[in-house]
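Taking it in order: structure first as structure tokens, then the write-up.
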Amino acid sequence: MNPEAEQPDAGMQASEQETADMPQAAASERTAVSRAAAAVKAAPQRKAGVPVWRTGKPDAFLAAAVDVARTALEGITSASDIGPHLAAKSEGDRLVTHLFESRLPGYSGWQWYAVITRNSRSKLVTVNELGLLPSEDSILAPEWVPWAERVRPEDAREEEHEQERAVPDAQAAGESEAEPETEKAEPVQQAGSPDAAQADDGEG
């Protein structure tokens, strides 16, 4: 057999194999896309205002300085408003945020925070920032909506119904005000009065 005559058959077999592999590749790609979309839908939506913390191990010396962070927070609120220590989050190199439970009335679910830092090779802790932060369990105000987007279709329908009700009421009020002016009762002459006697003399 001629080897050159067998080469086209081999090329055809390779192309047929590639054609057979294409639907499988497309199917696997579609599966990957659908899985990614499902993962995006399944991921919980982050509440506005709740911080996203960096993942990483915080500086060991700063993470141990819980008392320093609590003492700093007692400078802006009473000690009874600060609950137990919750966590120490890394903000970067030698920068740690300490979180404490909030016992402040009206701020259930919020957390006191104290950001502390130190210089390289230094054991002196510096307080950078203090305050309150919301968590996933906090009650927050709804996100701001522009005025033009606040009117919903049902609100517009209620306003139209109120205007339709107001038109007949205004018309009825106008008619009731016009009646006393148009209808004037004539004075009734009683029998035996001087005016009635004059009227009788005139007729006689």
Side-chain angles (χ1 to χ4, degrees), residues 28-166 169:
S28 62
E29 185 176 350
R30 284 195 298 269
T31 305
V33 171
S34 62
R35 286 178 181 171
V40 170
K41 289 181 181 179
Q45 293 184 349
R46 187 176 66 86
K47 292 172 67 174
V50 178
V52 178
W53 301 102
R54 291 180 53 180
T55 57
K57 191 174 181 181
D59 182 87
F61 182 80
L62 294 175
V66 178
D67 294 338
V68 176
R70 183 182 290 274
T71 303
L73 285 171
E74 289 175 359
I76 62 171
T77 187
S78 61
S80 59
D81 293 338
I82 306 172
H85 184 258
L86 298 176
K89 303 285 188 178
S90 175
E91 297 280 5
D93 294 337
R94 295 181 301 279
L95 189 65
V96 172
T97 296
H98 285 275
L99 298 174
F100 298 84
E101 180 185 338
S102 172
R103 292 181 177 172
L104 191 66
Y107 287 87
S108 177
W110 288 61
Q111 298 171 352
W112 293 103
Y113 72 92
V115 183
I116 58 176
T117 186
R118 68 183 180 92
N119 291 330
S120 178
R121 301 176 185 174
S122 174
K123 300 297 182 182
L124 180 63
V125 177
T126 303
V127 178
N128 281 7
E129 190 176 352
L130 304 169
L132 266 175
L133 282 176
S135 67
E136 293 293 339
D137 301 328
S138 304
I139 299 175
L140 302 176
E143 294 186 21
W144 184 81
V145 179
W147 179 85
E149 299 175 10
R150 293 180 196 171
V151 180
R152 299 169 296 180
E154 54 268 25
D155 296 337
R157 283 196 294 270
E158 290 179 3
E159 187 175 352
E160 290 176 1
H161 292 321
E162 289 178 1
Q163 290 177 354
E164 290 174 359
R165 286 194 222 105
D169 294 342

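Along the sequence shown, residues are numbered consecutively beginning with 1. Excluded from the calculations below are hydrogen atoms, water molecules and symmetry mates; all remaining heavy atoms, backbone and side chain alike, are included. Just so it is clear, the structure is predicted and the values come from calculations on it, not from any experiment.
Here the straight-line distance linking atom CD1 of Ile116 with atom CG of Asp59 works out to 8.5 Å at 0.5 Å rounding. Here the CG atom belonging to Leu130 is positioned 11.0 Å from the OG1 atom belonging to Thr77, to the nearest 0.5 angstrom. Distance check, rounded to the nearest 0.5 Å: CD1 of Ile82 to CD of Gln111 gives 13.5 Å.
With sequence neighbours excluded, the residues satisfying side-chain contact (heavy atoms from CB on, under 4.5 Å) with Ser122 are Asn119, Leu124. Take Ser78 and apply the side-chain contact (heavy atoms from CB on, under 4.5 Å) test, not counting sequence neighbours, and it matches Ser80, Asp81. Remark: Ala63 pairs with Pro58, Ala88 by the side-chain contact (heavy atoms from CB on, under 4.5 Å) rule, at least two apart or across chains. Judged as a side-chain contact (heavy atoms from CB on, under 4.5 Å), and not counting sequence neighbours, the contacts of Thr126 are Thr117, Asn128. The ring-ring contact (aromatic ring centres under 6.0 Å, His included) search around Phe61 returns none, not counting sequence neighbours.
You'll find the side chain of Trp110 stays beyond 4.5 Å of the side chain of Leu104, heavy atoms only. Within the 4.5 Å cutoff, the side chain of Leu99 has no heavy atoms near those of the Trp112 side chain.
One N or O on the side chain of Arg70 and one on the backbone of Gly83 form a donor-acceptor pair closer than 3.5 Å. In this structure, the side chain of Thr97 does not engage the main chain of Val115 through any donor-acceptor pair within 3.5 Å.
Nearest heavy-atom pair across Ala65 and Val125 is CB-CG2, 4.4 Å. For the residue pair Val127 and Ala72, the shortest heavy atom distance occurs at CG2-CB, 3.9 Å.
Judged as a ring pair (Phe, Tyr, Trp, His ring centres under 6.0 Å), the pairs with a partner in residues 63-92 (not counting sequence neighbours) are, in order, His85-His98, His85-Phe100.
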